[in-house]
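Throughout, a chain's letter reflects where its sequence line sits, starting with A, and its residues are numbered from 1.
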Amino acid sequence: MCIDVERLGSSIRKTEQKIKELEHRAKKTKGWAAWKRRFGSKASMGSRLQLGVVLFEEMGFEPVKNKDGKIQVDEKQLERIDSDLARLFVNIEKLKKLKTTYLEGISREVVDGLLHPFFNLHLVETYRSSSDSPNFQNIPIRDAKMGKIIRSCFVPRPGHALVEIDYGALEFRVCACFWRDDSMVAYASDPSLDIHRDMAAELYCVPRDGVTKEMRFYAKNSFVFATLYGSYYKSTSRSLWQAMESSSMVDADGRSVKKILSRKSIDKHNYPDHVQRVEEKLQARFPQWTKRKEEWWSKYLRTGRFRMLTGFELEGVYSRNNLMNTPIQGPAFHILLWSLIRMVKWCAKRRTKIVGQIHDSIVADVHLSELDEYLAVAKQVMTKDVRDHWSWIVTPLEIEAEVAHDNWFNKKVIEV
DNA sequence: CACTGGAGCCAC
DNA sequence: AAACGTGGCTCCAGTG
């Protein structure tokens, strides 16, 4: 893929400058004076361990320990501490990550303006793919500021556009196909149904139309997927409560979710009991999943092996959670891979090239004269042909396409 | 100096 | 029975 090398270079210089400024400011804080007192010539601003000692032993802040009893000095804990030094440390570390892993990591691998990441098919336990040198599959996007700085350096060739097509809810659809749970298949097939919205309503005690994007986000990632892949209420309730509290979550009408729960006599203490009841509702809603996952596990215990929907036979030592996740994560990727291979073949006699892949999405550098045809063929291959190839895909498949004429950050949704 | 594990953080 | 999953990369801190 093409890289805007000049822009990359200037972003590196700007980020370096910003880091220097923040480090200069950090050295003027009271905390840094305490740091120097404690560590003398060994004081190093890059050391989390030292920062933890300064904050929790010298400055008297209350430490928080993780499950293994270790004091955490991560972003989450540092943000709750009222100290200029802690705030500056978080910002400096973010910028360092941006500079070293992404900007410089990419720059190092560019040859004649082109980047050639590796895409491995032989490394991942679940038979997904991985990527390295650089890893094309973890370029920032959720933090829009970081995403802009890095993704704007990825550009199409002249006369081309970058086109990214991703599957909608691919893993949940494969989950439904694998467990063949009628209700799960219905959820994965009917666009008016939304399991994450429904569970958010239960978890936060609001009507379904009171569910916000934020509530849905946490219900999806901290509860529904976590539970499908083997977590349970004692774990999920903790992260749900934490997210709700630290974001001061409100419902669609701006009312405090914590207050809504407390009116139902739900507090931090008994929230796990509430989540346990919601978990039971999830099991009741997907009864075949509930039954078949136990049969799936006990069959593995008897035989020591299991088979994926895509035909791979796996044997050896797997945890219970591996048994829940592997048969879904692997075949979900194989749907993408099958489609990608078809699209690469389609590109053979054309100017368009497939340049990358991110588990459920395909990135291509498409010649403008081939754009309409590319989108139409991709839709046919990704939503129809692959379903004809594998009869176990019993749900519809959907795609979303985005096109970028200038750079990858500025991709815009396009109807297909 | 080479190497390694832990902690942390980025993606899906 | 056991407690979401899969990766890659960087820095620190420790070892020999």
Hey, do the aromatic rings of [X] and [Y] have their centres closer than 6.0 Å?
X	Y	answer
A:Tyr187	A:Phe172	no
A:Phe333	A:Trp338	no
A:Phe225	A:His196	yes

Sugar-phosphate only, base, or nothing, as touched by A:Glu125 at under 4.0 Å among non-hydrogen atoms: sugar-phosphate

Sugar-phosphate, base or nothing in reach of A:Glu93, heavy atoms under 4.0 Å: nothing

Close approaches to DNA chain C from residues 225-232 of chain A, in residue order (heavy atom, under 4.0 Å): A:Ala226, A:Tyr229, A:Ser231, A:Tyr232

Aromatic A:Trp289 / basic A:Lys293 pairing, under 6.0 angstrom, 45° off normal: yes

Pi-cation contact, A:Trp408 with A:Arg151 (under 6.0 Å, within 45°): yes

Atom [atom1] of [X] to atom [atom2] of [N]: distance rounded to whole Å?
X	N	atom1	atom2	value
A:Trp179	C:dC4	CH2	P	17 Å
A:Leu240	C:dA3	CG	P	19 Å
A:Gln137	B:dA11	CD	P	13 Å
A:His122	C:dT6	NE2	P	18 Å
A:Ile139	B:dC12	CD1	P	10 Å

Heavy-atom side-chain proximity of A:Asp385 to A:Gln380 below 4.5 angstrom: yes

Under-4.0 Å side-chain N/O to phosphate OP1/OP2 contact, A:Asn321 with C:dG5: yes

Closest-nucleotide ordering on DNA chain C, the 5'-leading residue of A:Asn322 and A:Trp297: A:Trp297

